[in-house]
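Below is one structure, written out as structure tokens; comments come after it.
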There are 2 protein chains.
Amino acid sequence: MQKNPPQCQFVAALDSIVGKWKPVILYHLLQGKPLRFNELRRLLPDITQRMLTLHLRELEADEIVTRVVYPQIPPKVEYSITEYGQSLAPVLETLHQWGAAHMERKRLIKAQREQNETD
Amino acid sequence: MQKNPPQCQFVAALDSIVGKWKPVILYHLLQGKPLRFNELRRLLPDITQRMLTLHLRELEADEIVTRVVYPQIPPKVEYSITEYGQSLAPVLETLHQWGAAHMERKRLIKAQREQNETD
DNA sequence: CAGAATCCGAATAGATACTG
DNA sequence: CAGTATCTATTCGGATTCTG
């Protein structure tokens, strides 16, 4: 990455939440309930096992989620959001708001353009 | 992307600001002053011409920046943030704040760990 | 159940050379 | 000056197989 200070901090934030599946993972974990590995898989029908593992490991490294292993057979692993991870909630909310408005805006522009074409 | 609605809107927002260089480009343009192509290059010493062009084109397509061509020789092209693009400012600011705190946190944790190693 | 390991293809980004 | 075009290197994600 760059040495540019503002950029760095920005990217530090993005690294924690960007990734093809991180937003959804966080979305579900932020509901508060701890989720098992396969529960998450069910909630994200299209994710591969591999990507789920990788993303969870990154979130764990950032201390945004915790991984609790119950030593039993069959194994049980629960993921939950940390207190620190909860500080992401407003950040995600802000992004979500803007994203929703942005999609609506694009939709409107597209509709207008199609209207003009029929003129 | 997924069909999951919350995810979609989230990603719509991220698409507009994520990309290896978009955050810095936006950071500079949000200062308010229109910038020429090569001015941006100088502000982003490590970006390639190609990536700068590509990212600017995407931002233009999202109507976040405007591209004004002055038909003269040598050519002059100025990029500036649109009014709509300015609505991103608070979003970026939120991310930046969290990112700064996150980096500081990591730094502290690392320092602590190194302290423990000398015990 | 919750993964680790390996392999492969697709998407991203950089390097370089050329142009109106 | 402000790009295009092309080619290559790197990264990322998916598919598949195996395991405690």
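A note on names: the letters A, B, ... follow the listed sequences, proteins ahead of strands, and every chain is numbered from 1.
Look at CG on Leu56(B): it is 11 Å from P on dA2(D), rounded to the nearest Å. Rounded to an integer number of Å, the gap from Glu39(A) CD to dA2(C) P is 8 Å. The nearest whole Å value for the distance from the CZ atom in Arg41(B) to the P atom in dT4(D) is 13 Å. Asp46(B) places its CG atom 14 Å from the C1' atom of dA15(C), with the value rounded to the nearest Å. Nucleotide dT12(C) holds its C1' atom 13 Å from the NZ atom of Lys22(B), rounded to whole Å. The distance from atom CG of Leu40(B) to atom C1' of dC1(D) is 13 Å, rounded to the nearest whole Å. The nearest whole Å value for the distance from the CG atom in Leu54(B) to the P atom in dG3(D) is 11 Å. At whole-Å resolution of the value, CD1 in Ile47(B) and P in dT12(C) are 16 Å apart.
A close approach under 4.0 Å does occur between a side-chain nitrogen or oxygen of Trp21(B) and OP1 or OP2 of dG14(C). The side chain of Arg57(B) places an N or O atom within less than 4.0 Å of a non-bridging phosphate oxygen (OP1 or OP2) of dG3(D). Residue Arg67(B) places no side-chain N or O under 4.0 Å from the OP1 or OP2 atom of dA2(D). Taking 4.0 angstrom as the limit, Lys20(B) places none of its side-chain polar atoms (N or O) nearer than this to OP1 or OP2 of dT11(D). When the side-chain nitrogen and oxygen atoms of Tyr79(B) are compared with OP1 and OP2 of dG3(D), one or more of them lie within a distance under 4.0 Å.
Judged purely by atom type and a 3.5 angstrom limit, Thr66(A) has no side-chain atom pairing as donor or acceptor with the backbone of Thr82(A).
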Check: Going through the distances and angles, do Glu39(B) and Arg42(B) end up as a salt bridge (charged side-chain N to carboxylate O under 4.0 Å, His left out)?
Finding: CA-CA 5 Å; Glu39(B) 284 181 304; Arg42(B) 271 189 288 281; 5.4 Å; no
Notebook entry, point to check: Does the pair Leu44(A) and His28(A) meet the rule for a side chain to side chain contact (heavy atoms under 4.5 Å, CB included), with working shown?
Noted result: CA-CA 9 Å; Leu44(A) 284 61; His28(A) 288 298; 3.6 Å; yes
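A donor N or O paired with an acceptor N or O is not found under 3.5 Å between the base of dG3(C) and the side-chain atoms of Arg50(A).
Here dC1(D) is the nucleotide among dC1(D), dA17(C), dG14(D) with the atom lying nearest to any side-chain atom of Asn38(B). Listed nucleotides: dA2(D), dT17(D), dG14(C). Nearest to the side chain of Gln49(B): dA2(D).
Taking the six-membered ring for Trp, Tyr84(A) and Trp98(B) have ring centres closer than 6.0 Å.
The residue among Pro75(A) and Gly19(B) whose nearest nucleotide of DNA chain C is located toward the 5' end is Pro75(A).
Under a cutoff of 6.0 Å and an axis angle of 45°, Arg36(A) and Tyr79(A) do not form a cation-pi pair.
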